[in-house]
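The structure under discussion appears below in the form of structure tokens.
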Amino acid sequence: MTIVQSLSRRGFIVSGAAAIGGLSLGFRVPFAGEALAAEAVPEVNAWVVIQPDEAVVIRIARAEMGQGTLTGLAQLVAEELGCDWSRVTTEYPTPGESVARDRVWGNFSTTGSRGIRESQDYVRKGGAAAREMLVAAAAAEWQVPAADCAVDKGVITHAASGRSTTFGQVATAAARLQPPAEIRLKDPKDWTIAGKPLPRLDTADKLTGRQVYGADIVRPGMLNAAIKACPIFGGRLRSFDAAAVAGMPGVRRVVQVDDTAVAVVADTWWRAKTALEALPVVWDEGPNTGVSSASIADVLAAGLDAEEAFTGNRAGDARAALAAAAKTITADYAYPYQAHATMEPMNATAVWTPERCEVWCPTQNGEAALTTAAEAAGLPLGQCEVHRLHLGGGFGRRGVHDYVRQAVRIARQIPGTPVKLLWTREEDMLHDVYHPTTQCRLTGGLDAEGNLTALHMRISGQSILTSLRPEGLQNGMDPIVFQGVNPGGTEGAIGYTVANLLVDHAMRNPPVPPGFWRGVNLNQNAFYLECFMDELAHAAGQDPLAFRRKLMANHPKHLAVLDAVAERIGWETAPPPGVHRGLAQMMGYGSYVAAATEISVADGRVRIHRIVAATDPGHAVNPAQIERQVEGSFVYGLSACLYGECTVRDGRMEQENFDTYTLLRMDEMPAVETIIIPSGGFWGGVGEPTIAVAGPAVLNAIFAATGKRIRSLPLAKNDLTAV
């Protein structure tokens, strides 16, 4: 029997599953004016499932791609629930289940470091509501006031009578109760599960190999597909000779995929790949064969001088103040294309019939994957389902579901047979949605005392929203371009007060598809702004830290993280001989971050010895996981700074694998010290913000070591011999 109660205004759903003697309770994202029919809610499909054996399963919509979101959200639920943490596991609800229940699980999108910060409120309330209902059920059985009962590790006690019971014993009765009208959450200072450095829930399965990723999926009767799309941006498939490979071992079909690609389906993936490599293919290369990195750079350079630009931040009259400044400094910077290069290439497994389509895939947004699958299948949403898996790396790439569409398109041509599509590394590199390329001209004005009186920051380059989500544009402007240099707000506010400030964007969109790449536009904006701040300090004859501090009096949270790293690195003391220091700060994804580093340069090569990072995310749900995220983000950020560049030649990317797209090696990784400063009152992200400050801190230290300003990345293409 399933008992369903819904309060549209409060947004609770309670579902009791009497058949297993458990409680299934979910707190839903409220939607005005909605009501839910009892028969529309499957048993046990909600946030918290309590089994008779006291096991607690917490069903979480957000994706796990190594960042620890499932563990962190489970900690928040368990904290309010008061269960035994050793009995907690997590599982994914499917987006189809959520759609059928009018999005009971809320937002499935796991991007922009939003997994915890945008789910924390309703998952905590879900846990708290479940606790109150369980206590109320026990109190009713004992005929005592619920306020006289206590909860600890899944056991409810009434001290006055000496009675106790467990969650599992009262779960069925609790499911029949009305959800509480008011929910009171714990003060974070009283947390015993949340806020603690608990081990991740998925570590053991990863260590033992039990963890299943998309590339591991096996379905009965499954075939395997390898795919190749036109390598030229904007190109199409003209023709292919399927007969040439039809007799090769294991080959079952050669199929066209939309108008851009061809795939070989075989009994094993290696046989599919081998046949694909032998397949004669003719491409319609389209209009972009003459596009190159140089031609794109010319287009962006012209944008630096353009009259028309979108204004993202303005204060005073920057142009007039610059004209009146005692001294002006101008510098042009450039940031390249970069690939996501996830360890697990894009993949999806699909089975299609005229009545139903199912997909198994790693995705950062299960609902978007479901929509893509339904469109490719030609079926209503209700006849499709996506089964989500842990991601072998996401970084923003698996928020775009071209690989899901392809898998369904292939499966649709072989009805009733599961087909697993796996991209090669080369396909993955050639058909990414890349970190966009931009250039930036910064002009600063100083008065006679070396005070910054004006700053103009002109960004020229691509808009991600124009390509991927044009409905997000604001009167043609892409607000995401201005991450980290916004006048205020919770996402990326600038940390300096400049009386005359202008930050604008000349939008230039080459044919290379841009995408959300971990850290997104905060990465290049930190590079531009923080390196130029060092340039301004040098021009003013001032210490870089002291110069910044004068501009940060109205930005105490920015300043707090900067001061923290400066103190820990020993900024006011002399570094060891041959060692030089640099620092940077930024605000992004709701958090305040800073980095200070120690490096040395010898024989034209940089050695990064140490990085100190400080982050204020408001609340620290799992301090150990924050430390790991900071360390991992520095691997990503330093890889981008030192080596990360995708170059275009003849309308296509030149880099196709890790032999030409270099990542940071283990012996290059510096020691990382993480300072966590949870000041409270807000919820920020931790997976992306610190990426942005790693590179600028290193580049500023390189100037201290060599006297050279690095204004174009990657670092590897620059000469680091001292001037």
The complete set of salt bridge (charged side-chain N to carboxylate O under 4.0 Å, His left out) pairs with one or both residues in residues 637-647, sequence neighbours excluded, reads E645-K717
By ring-ring contact (aromatic ring centres under 6.0 Å, His included), Y589 pairs with (sequence neighbours left out) none
Here the ring pair (Phe, Tyr, Trp, His ring centres under 6.0 Å) pairs for residues 630-668, sequence neighbours left out, are F395-Y636, W517-Y636
With sequence neighbours left out, the residues meeting salt bridge (Lys or Arg N to Asp or Glu O under 4.0 Å) with R508 are none
Sorted by chain and number, sequence neighbours left out, side-chain contact (heavy atoms from CB on, under 4.5 Å) with A278 holds for V245, M248
Contacts satisfying side chain to side chain donor-acceptor pair (under 3.5 Å) that involve residues 226-236 (not counting sequence neighbours) are R236-D259
Taken in chain and number order and not counting sequence neighbours, the residues that satisfy ring-ring contact (aromatic ring centres under 6.0 Å, His included) with W423 are none
For R711, the salt bridge (Lys or Arg N to Asp or Glu O under 4.0 Å) test, sequence neighbours excluded, returns E535
Hits for salt bridge (Lys or Arg N to Asp or Glu O under 4.0 Å) against D659, two or more places apart or cross-chain, chain-then-number order -> none
Sequence neighbours excluded, the answer for ring-ring contact (aromatic ring centres under 6.0 Å, His included) partners of F240 is none
By salt bridge (Lys or Arg N to Asp or Glu O under 4.0 Å), D719 pairs with (sequence neighbours left out) K708
Sorted by chain and residue number, the ring-ring contact (aromatic ring centres under 6.0 Å, His included) partners of H431 (sequence neighbours excluded) come out as none
